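Everything quoted here is computed from the prediction, not taken from an experiment. In what follows, chains carry the letters A, B, and so on, assigned in the order in which the sequence lines appear, proteins first and then strands, with residues in each chain numbered from 1.
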Number of protein chains: 2
Amino acid sequence: MDMVDPFSDEYFMKQALIEAQKAFDADEVPIGAVIVCENKIISRAHNLTERLNDVTAHAEMQAITAAADYLGGKYLGQCTLYVTLEPCVMCAGATMLAHLKGITYGAGDSKKGYARLSESILHKKTKVVPGVLKDECSNLIRAFFQDKRML
Amino acid sequence: MDMVDPFSDEYFMKQALIEAQKAFDADEVPIGAVIVCENKIISRAHNLTERLNDVTAHAEMQAITAAADYLGGKYLGQCTLYVTLEPCVMCAGATMLAHLKGITYGAGDSKKGYARLSESILHKKTKVVPGVLKDECSNLIRAFFQDKRML
């Protein structure tokens with residue numbers, strides 16, 4: 001049986017991957033995110049920078065906005081962000097402002113990811129778990145750019 | 001005559017201050033921004049984090065989104081952001097993604113500003129002009145927090 005614990009990091013990352021696939025299907029760079037509060041998914045989002053013509057429309061930013069809307073409060077101290085790619089500096093800065101409890105990401109991003117910086121820009125209480133389903137996450141991104149090159 | 005050159009940094013910062021005053025009047029931390037393209041203001045915004053219940057609703061983020069909408073393209077390589085306070089890490093990251101030509105800010109922010117980081121997180125072509133009308137900008141913020149403490 002290929003059961004996935006519904007409260008595991010892998011389970012929630014699979015949900016973020018479902019969001020990333022929606023971005024792929026919409027011809028957006030395929031990044032997806034969900035935000036989890038007390039084992040419940042309270043927001044889902046995928047990258048919409050092309051559709052919205054807006055560099056700030058990363059999956060994480062939309063997920064944070066939607067989670068705060070759901071909770072009725074702008075701080076997300078009980079919430080963990082699951083995202084298929086290591087957040088960029090903008091998104092990491094947003095998680096700091098939101099006081100996120102955790103960030104769990106899939107693929108690393110050595111060029112644009114926040115973790116390349118020598119100083120931490122996260123909230124001091126934010127726990128980071130990298131590399132969850134990283135192969136699935138990076139394969140989707142790689143497939144997207146391979147398709148682009150073949151056009 | 002107290003004329004202000006309509007294309008000077010001081011002129012555009014005064015416009016950002018007008019936005020900041022709107023935030024003040026709405027009981028928001030008083031930060032305002034405008035984005036200028038070829039000497040024309042193409043977007044104006046002020047901090048709306050309380051009203052929108054959203055930590056990402058900084059003046060700069062809204063100004064970037066609105067400017068891209070106005071131009072019909074998400075890159076702002078011909079644009080300069082005027083903002084009354086040194087941008088935070090999130091907003092600086094957004095200016096990087098937008099390839100902003102310039103950032104001109106008023107008051108510095110040694111605690112939360114992007115410039116405290118030892119590595120630059122801005123786009124390599126972004127030119128920064130700090131300290132324009134910094135006293136007016138910081139006085140407005142100080143007045144806001146003084147009012148809060150007296151409540």
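Among residues two or more places apart in sequence or in another chain, the salt bridge (Lys or Arg N to Asp or Glu O under 4.0 Å) test is passed with A/Lys74 by B/Glu50. In this view, B/Lys125 satisfies the side chain to side chain donor-acceptor pair (under 3.5 Å) rule with no residue, not counting sequence neighbours.
Residue A/Ile64 touches chain B through its side chain alone, counting heavy-atom pairs closer than 4.5 Å. Proximity to chain B (any heavy atom under 4.5 Å) is restricted, for A/Ile121, to the side chain, taken from C-beta onward. Interface remark: A/Tyr114 contributes no atoms to any contact with chain B (heavy atom separation under 4.5 Å).
Ranked by heavy-atom pairs shorter than 4.5 Å toward chain B, the options A/His58, A/Lys112, A/Met90 are led by A/Met90. Per-residue heavy-atom pair counts under 4.5 Å with chain B were compared for A/Thr95, A/Leu52, A/Val55, and the maximum is reached by A/Val55. By number of non-hydrogen pairs under 4.5 angstrom with chain B, the leading residue of A/Thr49, A/Val89, A/Thr65, A/Leu71 is A/Thr65.
Nearest heavy atoms, A/Ala68 versus B/Asn53: O-ND2, 3.3 Å.
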Working for side-chain contact (heavy atoms from CB on, under 4.5 Å), residues B/Arg116 and A/Glu119:
CA-CA 10 Å; B/Arg116 75 184 188 280; A/Glu119 292 140 285; 5.7 Å; no
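A/Leu117 and A/Ile103 fall within a single hydrophobic cluster, where Ile, Leu, Val, Met, Phe, Trp and Tyr side chains are chained together by heavy-atom contacts under 4.5 Å. In this structure, B/Ile141 is a member of the same hydrophobic cluster as B/Tyr105, with clusters built from ILVMFWY side-chain heavy atoms closer than 4.5 Å. No continuous path of ILVMFWY side-chain contacts below 4.5 Å connects A/Ile18 to A/Met13, so the two sit in separate hydrophobic clusters.
Residue A/Tyr70 qualifies as open at atom OH: its count of foreign heavy atoms under 6.0 Å is 12 or below.
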